[in-house]
Amino acid sequence: MAAAILLMSTALVAGMWIILLRGLSQPFGFVKYAFSPKNEYRWSFVLVTEWGLISLLLGAVVVFTRRRAILRSVLVACAVQTVLFGVTGGWLFALYAALPAWALYKAQHEV
């Protein structure tokens with residue numbers, strides 16, 4: 001379940017970039033504003049892109065590895081990403097980044 005959530009978040013970020021890059025060729029005001037120096041939140045695109053790449057890597061690790069220590073390190077990476085989104089104000093992304101951490105915690109502590 002955690003791998004599916006991680007890979008879905010990668011697809012979410014990829015979809016966001018497809019929409020943004022496709023919009024660059026059209027005269028939309030939002031796309032021009034998103035990357036302009038006037039936008040103080042343009043760094044959030046970098047943070048979300050990093051989240052997609054990390055989620056892809058962590059999803060592959062969860063799919064191919066079942067060792068407990070590695071799964072715990074994935075759990076810590078998801079927790080760090082959640083805290084990073086929480087600190088920067090991306091609460092919706094923080095909740096979505098916490099889902100794989102919750103699934104991994106639940107899977108490791110089932111009896």
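Grouping Ile, Leu, Val, Met, Phe, Trp and Tyr residues whose side-chain heavy atoms lie under 4.5 Å apart, directly or via other members, leaves L53 alone, with no other cluster members. Counting Ile, Leu, Val, Met, Phe, Trp and Tyr side chains that sit under 4.5 Å apart, directly or through other members, L92 stands alone, with no cluster partners. When hydrophobic residues (I, L, V, M, F, W, Y) are linked wherever their side-chain heavy atoms come within less than 4.5 Å, the members clustered with L56 are L7.
Under the side-chain contact (heavy atoms from CB on, under 4.5 Å) criterion, L57 pairs with no residue, sequence neighbours left out. Contacts of W102 classified as side chain to side chain donor-acceptor pair (under 3.5 Å), with partners at least two apart in sequence or in another chain: none. Taking the side-chain contact (heavy atoms from CB on, under 4.5 Å) definition, one finds that L71 meets it with V62, L104, Q108, sequence neighbours left out. Residues passing the side-chain contact (heavy atoms from CB on, under 4.5 Å) test with A77 are L58, sequence neighbours excluded. In this structure A98 satisfies the side-chain contact (heavy atoms from CB on, under 4.5 Å) test together with T82, sequence neighbours excluded. Applying the side chain to side chain donor-acceptor pair (under 3.5 Å) rule to T49 yields the partners W17; only residues at least two apart in sequence or on another chain are considered.
Note on L99 and M16: same hydrophobic cluster, where clusters join Ile, Leu, Val, Met, Phe, Trp and Tyr whose side-chain heavy atoms are under 4.5 Å apart, directly or indirectly.
Taking all atoms of both residues into account, the shortest heavy-atom contact from G59 to A3 is O-CB, 4.0 Å.
Within the structure, side-chain hydrogen bond (donor to acceptor under 3.5 Å, both in side chains) pairs that include any residue of residues 1-13 comprise S9-S55 (at least two apart or interchain). Within the structure, every pair that satisfies the ring-ring contact (aromatic ring centres under 6.0 Å, His included) test and touches residues 56-89, not counting sequence neighbours, is listed here: W51-F85, F85-F93.
Under the 4.5 Å side-chain criterion, counting only non-hydrogen atoms from C-beta, P100 is not in contact with V74.
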